[in-house]
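Letters A, B, ... mirror the listed sequences (proteins, then strands); counts begin at 1. Quantities reported herein were computed from a predicted structural model and do not represent experimental measurements.
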Amino acid sequence: MIDVTVAQLFRDSAAYLGKSVRLKGWVRTRRDSKAGISFIQLSDGSCFDSAQVVVANTVANYASEIQRLTASCAVIAEGEVVASQGKGQSVELQASKVEVVGWVEDPDSYPIQPKPHSFEYLREVAHLRPRTNTFGAIGRVRHCLAMAVHQFFNDRGFCWIHTPIITGNDCEGAGQMFRVSTLDLANIPKTPEGKVDFSQDFFGREAHLTVSGQLNVETWCAALSKVYTFGPTFRAENSNTSRHLSEFWMIEPEIAFASLVEDAQLAEDLLKFMFKALLNERGDDLKFFAERIDKECITRLEKLVEAPFERMNYTDGIAHLEAAIAKGHKFEYPVSWGTDLQSEHERYLTEQLVGRPVILMNYPKDIKAFYMRMNDDGKTVAAMDILAPGIGEIVGGSQREERLDMLDKRIDEMKLDRNAYWWYRDLRRYGTVPHAGFGLGFERAIVYATGMANIRDVIPFARTPKSCEF
RNA sequence: UCCCUCGUAGCUCAAUUGGUAGAGCGGGCGGCUGUUAACCGCCAGGUCACUGGUUCAAGUCCAGUCGGGGGAGCCA
């Protein structure tokens, strides 16, 4: 008797023919034949497909238990692997014994049924949705992409740096932060001036959840040369869209002795590596997404992997948009050099003009962060965004300002406090070096790969404003 | 936060100008079949999101509240 997963059974079906094996999993459906046979679709999550377990009425608990099995009952099935007499599967398990490990109480109201459910509904039963086809596939795709990220960087000599989740910087500059505190909310200590006395808080100062590991990872970049972070990130913005989460995962590489050109190439190489791995390893799940979620998803990935990304200066992007307007294309918002692109503008460039991902580079300094490197024209900074059809911005990055005088100038211009950045500024005082990096939204990459419409459905437990039930 | 939209059985949805609340799936029982989202018959299952109002009469009209979704902004 050998323990096998469904994935192993189908991958090496010829080798298992005639062998006695044990499968463990959950019932998807049960079909009865009153001639004395029941068919159980058994899923263990190891691959997209479920296995067919054939149970004859000669099995001891056939009438007492097998015929009472409903969706999601947990069972252990033992028997011989035989060639299937039916269509739909190459092999099946001819059961000699089926042990019911866990029943479903009140099958009448069990929330997951063998039929399509709306994703909105499934979010309300997030603890049970992994048992559906779609979310099982999401789980495996997510894992595959995460492993590909680590393999990509490891192959290229990067070190994975575990940047902190809790940060004492209230100056990371990427948006609203969640406060971390152990103060008694009903009895908050105050200073003589009437302000909250954070010196009595856990860390003796204000603390928040990180909105980016970039500033921290730059310190390790200035010693290990090639580094990256891959971890959770938190934004307390009141964003209610299909592209935003309050807690999401981000990949942030940082490379020393590098410019924006190498940075953009790294981002392109990473995305292509991730999606190649997905095409190679999760064909079963992608096939499902192509059939049920988004017809284009496989061809879109194949196209992305093959063709070079389009590179375009911000200034040229504006020119393209103005040309489109001249030809009669209507945008809701006006286009002019110096303003940030609206969603509709990004969509036009990547979806209509190019039809592939676009790397937009060298943005006006006034719409970008203080740490981005000033270009020689004095008007633009060495920033880049990668815009992807269907989701918009998937990567945001830049070459960092490595010259202390220029960095200080930008900190002052943006009315930030130099002292708050003392250790970040130290990096420019002690062996500074040109360096660059970017942030890749992990869930946005999954959305792109699968064609799932809402980012809340590509993370196991979505955190969004007014939503933290599970 | 702003704009739009939706809320009816366990789930997916229907219910005409305001006039007794319906189907499919799922569940139970029975039938049939090496079945494939199986099929056929019967049965059970509803505070029509909540609160108030208009009306002889409200799932339907009005107001408010709560919740879901889409779009925008912010960004990844």
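When ring centroids are compared, A/Y348 and A/F331 come within the 6.0 Å threshold. For A/H208 and A/F178, the gap between ring centers reaches or exceeds 6.0 Å.
Where A/S343 and A/G86 meet RNA chain B, the nucleotide closest to each residue was compared, and A/G86 sits on the side nearer the 5' end. Nearest-nucleotide positions on RNA chain B place A/S118 closer to the 5' end than the other of A/S118 and A/I455.
Nucleic acid contact class of A/G439 (heavy atoms, under 4.0 Å, all strands): sugar-phosphate only. Counting non-hydrogen atoms under 4.0 angstrom, A/Q85 reaches a base of the nucleic acid. Across all strands shown, A/S242 has heavy atoms under 4.0 Å from sugar-phosphate atoms exclusively, and none from any base. No engagement by A/E124 is indicated, since no non-hydrogen atom pair under 4.0 Å with the nucleic acid exists. Counting non-hydrogen atoms under 4.0 angstrom, A/L245 reaches a base of the nucleic acid. If you check every strand for non-hydrogen atoms under 4.0 Å, A/Y121 touches sugar and phosphate atoms only. Note on A/F234: nothing from the nucleic acid sits closer than 4.0 angstrom, heavy atoms only. A/H117 comes within 4.0 angstrom of sugar-phosphate atoms only, judged by non-hydrogen atoms across all strands, and of no base. As judged by a 4.0 angstrom heavy-atom cut-off over every strand, A/N454 is placed among residues touching the sugar-phosphate backbone only. Using a 4.0 Å heavy-atom cutoff across all strands shown, A/E344 reaches no nucleic acid atom at all. Using a 4.0 Å heavy-atom criterion, one finds that A/R456 contacts the sugar-phosphate atoms exclusively. If you check every strand for non-hydrogen atoms under 4.0 Å, A/R347 touches sugar and phosphate atoms only. Within 4.0 Å of A/I37, counting heavy atoms only, lies at least one base atom of the nucleic acid. Within 4.0 Å (heavy atoms only), A/Q342 reaches sugar-phosphate atoms of the nucleic acid but no base atom.
Comparing the C1' positions of B/rU55 and B/rA63 gives a spacing of 16 Å, expressed to the nearest Å. Using C1' as the reference atom, B/rA21 and B/rC48 are 8 Å apart when rounded to the nearest Å. Using C1' as the reference atom, B/rG53 and B/rU17 are 22 Å apart when rounded to the nearest Å. With P as the reference atom, B/rU60 and B/rA14 are 16 Å apart, rounded to whole Å. Taking atom C1' on both nucleotides, B/rA58 is separated from B/rG19 by 10 Å, rounded to a whole Å. A gap of 8 Å separates the C1' atoms of B/rC32 and B/rC40, to the nearest Å. Atom P of B/rC39 sits at a distance of 7 Å from the matching atom of B/rC25, rounded to the whole Å. The gap from the P atom of B/rC13 to that of B/rG69 amounts to 14 Å, rounded to the nearest Å.
Judged by distance alone, with hydrogens and angles left aside, A/S239 brings a side-chain donor or acceptor within reach of the base of B/rC74, the pair sitting under 3.5 Å. Taking 3.5 Å as the limit, the base of B/rG27 and the side chain of A/Q113 contain no donor-acceptor pair of atoms between them. Judged by atom type and distance alone, A/R444 reaches the base of B/rC75 through a side-chain donor-acceptor pair under 3.5 Å. Not a single donor-acceptor pair, N or O on each side, falls under 3.5 Å between the base of B/rA76 and the side chain of A/R243. The base of B/rU1 lies close enough to the side chain of A/N240 for a donor and an acceptor atom to sit less than 3.5 Å apart.
Rounded to whole Å, atom C1' of B/rC39 lies 14 Å from atom CZ of A/F39. As rounded to whole Å, 10 Å separates atom P of B/rU35 from atom CZ of A/R31. Between the CG atom of A/L360 and the P atom of B/rC75 there is a distance of 15 Å, rounded to whole Å. Here the C1' atom of nucleotide B/rG67 and the CD atom of A/E469 are 13 Å apart, to the nearest Å. Between the C1' atom of B/rG71 and the NE2 atom of A/H244 lies a distance of 13 Å, rounded to the nearest Å. In this structure, A/Q67 places its CD atom 14 Å from P of B/rG27, rounding to the nearest Å. Straight-line distance from the CH2 atom of A/W103 to the P atom of B/rG27: 13 Å, rounded to whole Å. Per the geometry, CG belonging to A/L271 stands 12 Å off C1' belonging to B/rA76, to the nearest Å.
When all heavy atoms are compared, the tightest approach of A/L245 to A/A462 is CD2-CB, 4.0 Å. The shortest heavy-atom contact between A/R356 and A/A307 is CD-CB, 3.7 Å. When all heavy atoms of A/L360 and A/G317 are compared, the pair lying nearest together is CD1-CA, 4.5 Å.
Of the side-chain N and O atoms in A/T241, none sit less than 4.0 angstrom from OP1 or OP2 of B/rA72.
Counting only heavy atoms from C-beta outward, the side chains of A/C159 and A/Y228 never approach each other to under 4.5 Å. Considering only heavy atoms from C-beta on, A/L145 comes within 4.5 Å of A/I446 through its side chain.
In the set B/rG34, B/rG27, B/rC74, the nucleotide with an atom closest to the side chain of A/P107 is B/rG27. When distances run from any side-chain atom of A/F248 to the nucleotides B/rG69, B/rU36, B/rA76, the shortest one goes to B/rA76. In this structure, of B/rU36, B/rG10, B/rC74, it is B/rU36 that holds the atom nearest to the side chain of A/Q41. For A/R123, the listed nucleotide lying nearest its side chain is B/rG68; candidates were B/rG68, B/rU35, B/rA76. Of the candidates B/rG27, B/rU33, B/rG67, the closest approach to any side-chain atom of A/K466 belongs to B/rG67. Each of B/rU35, B/rC74, B/rU1 was ranked by its minimum atom distance to the side chain of A/Q52; first place goes to B/rU35.
Across every strand in view, B/rA9 sits unpaired, with no contact that passes the Watson-Crick or G-U test at under 3.5 angstrom.
When atom types are taken as modelled, the side chain of A/R30 and the backbone of A/L69 share a donor-acceptor pair closer than 3.5 angstrom.
A stacking contact between A/F442 and B/rA76 is absent: the pair does not combine a ring-centre distance of less than 5.5 Å to the base's six-membered ring with planes differing by less than 30°.
Side chain to side chain, A/T70 and A/R68 fail the donor-acceptor criterion of an N or O pair below 3.5 Å.
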